[in-house]
Amino acid sequence: MEKMTIIEANSSHIEYLSDFGSRSFIYSYQCTLPLDELKKYTNVAFAKSNILEEINSSLVTYFICQDSNLNLCGYAKLVQSPTKGIELQRLYVDSDFRGHGIGKLLELQCESTAKHQGISDIWLRVWEGNTVAQDIYKKWKFKIVEEELYQVGQEQRTILLMRKSLP
């Protein structure tokens, strides 16, 4: 496998984070939610203005994986929470690069960042119907700790909260 690099996103990556994130979210949920609801949600959640605000925030960090040719292969979004420590809020890998360990590289970068900040747990949310992602997270030592409802437009879905204690 070629060498992959993880970089911290800046304002020059907004277009990628917005477009790729929106497409990835729609792809992930298209089998369970109406397309019009997904588009309404992504138009707000992945708006370039929101992403710029997040990049400029001290509470949000985006990490992007790129290959040796500087092709962007995926990204992770890490959010600090005053009540739950740190959340791996998004983890998307381009379909052309799946199976190459990019998700794990991004997850390890998020863990390293959390440890560096003195945080002992990292957590994430995953749709209860996404058993493929759940299996990957379990392999990475995340454990299901609770459930909650997640609103996308007029639709609600059950989301599993998973947590991993960091050594």
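Quantities reported herein were computed from a predicted structural model and do not represent experimental measurements. For the single chain, residues carry numbers from 1 onward in sequence order.
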Intermediate values then yes/no, side chain to side chain contact (heavy atoms under 4.5 Å, CB included), L161 and E147 | CA-CA 6 Å; L161 273 67; E147 296 180 0; over 6 Å; no
Tell me, yes or no, whether the heavy-atom count around R157 atom CZ, taken from other residues, nucleotides or ligands under 6.0 Å, exceeds 12.
-> yes
Measure centre to centre between the rings of Y92 and F25, then say whether the value is under 6.0 Å.
-> no
Side-chain contact test, heavy atoms from C-beta onward, threshold under 4.5 Å: evaluate it for I55 versus V60 and give yes or no.
-> no
N/O donor-acceptor pair under 3.5 Å between S22 side chain and F46 backbone | no
Given side chain to side chain contact (heavy atoms under 4.5 Å, CB included), test L88 with W123 step by step and report yes or no.
-> CA-CA 6 Å; L88 174 53; W123 64 281; over 6 Å; no
Is the closest side-chain heavy-atom distance between M162 and R125 below 4.5 Å?
-> no
Any chain of hydrophobic side-chain contacts (each under 4.5 Å) joining V79 to L52?
-> yes
From S68 atom OG to L70 atom CG, the distance as rounded to the nearest 0.5 Å = 8.0 Å
Reported CG-to-CD distance for the pair L78 and Q89, which is rounded to 0.5 angstrom | 9.5 Å
To the nearest 0.5 Å, atom CD of E53 lies from atom CG of N50 at 6.5 Å
Is there a side-chain contact between I51 and E54, using heavy atoms and a 4.5 Å cut-off?
-> yes
Around atom CD of Q156, are there more than 12 heavy atoms of other residues, nucleotides or ligands at under 6.0 Å?
-> yes
Could you tell me which non-hydrogen atom of A47 sits nearest to which non-hydrogen atom of N43, and how far apart they are?
-> CB-O, 3.4 Å
Excluding sequence neighbours, so at least two apart, what forms salt bridge (Lys or Arg N to Asp or Glu O under 4.0 Å) with E15?
-> K48
Mark yes or no for whether T42, through its side chain, and L38, through its backbone, hold a donor-acceptor pair below 3.5 Å.
-> yes
Same apolar cluster: I144 and V132, side chain cutoff 4.5 Å | yes
Report the C-alpha separation of L91 and L124 in whole Å, then their side-chain angles, then the decisive distance to 0.1 Å, and conclude whether the side chain to side chain contact (heavy atoms under 4.5 Å, CB included) test is met.
-> CA-CA 10 Å; L91 180 62; L124 56 82; over 6 Å; no
Would you say N69's side chain and N71's backbone share a donor-acceptor pair under 3.5 angstrom?
-> no
Give a yes or no on whether L160 and L149 share a hydrophobic cluster (residues Ile, Leu, Val, Met, Phe, Trp, Tyr; joining criterion: side-chain heavy atoms under 4.5 Å apart).
-> no
Are L35 and Y29 connected, step by step, through hydrophobic side chains (Ile, Leu, Val, Met, Phe, Trp, Tyr) whose heavy atoms are closer than 4.5 Å?
-> yes
D121 and L166: CA distance, side-chain angles, deciding distance, side chain to side chain contact (heavy atoms under 4.5 Å, CB included) verdict = CA-CA 6 Å; D121 292 314; L166 302 174; 5.9 Å; no
Tell me, do E8 and I64 make a side-chain contact under 4.5 Å, heavy atoms counted?
-> no
Relative to Y62, does R90 satisfy both conditions: NZ or CZ under 6.0 angstrom from the six-membered ring centre, and within 45 degrees of the ring's axis?
-> no
So do the side chains of K138 and K143 get within less than 4.5 Å of each other, counting heavy atoms only?
-> no
When you check the gap from the basic side-chain N to the acidic O, do E87 and K77 get nearer than 4.0 Å?
-> no
Can you tell me how far OG of S28 sits from CZ of R23, rounded to the nearest 0.5 angstrom?
-> 12.0 Å
Could you go through residues 101-116 and list every donor-acceptor pair under 3.5 Å that involves a side-chain atom there, pairing it with any protein atom two or more places apart or in another chain?
residue: K104; atom: NZ; partner: E107; partner atom: OE1; Å: 3.1
residue: E107; atom: OE2; partner: K164; partner atom: NZ; Å: 3.4
residue: Q109; atom: NE2; partner: T113; partner atom: OG1; Å: 3.4
residue: E111; atom: OE2; partner: K164; partner atom: NZ; Å: 2.4
residue: T113; atom: OG1; partner: Q109; partner atom: O; Å: 3.0

Taken to the nearest 0.5 Å, the spacing of C65 SG from M4 CE works out to 5.5 Å
State the OG-CD1 distance between S120 and I86, to the nearest 0.5 angstrom.
-> 11.0 Å
Between S24 and F20, is there a donor-acceptor pair closer than 3.5 Å when you use the side chain of the first and the backbone of the second?
-> yes
Are any non-hydrogen side-chain atoms of T32 and W127 less than 4.5 angstrom apart?
-> yes
Side chains of E128 and I159: does their closest heavy-atom pair fall under 4.5 Å?
-> no
Please tell me if the side chains of Y150 and T158 come closer than 4.5 Å, counting only heavy atoms from C-beta onward.
-> no
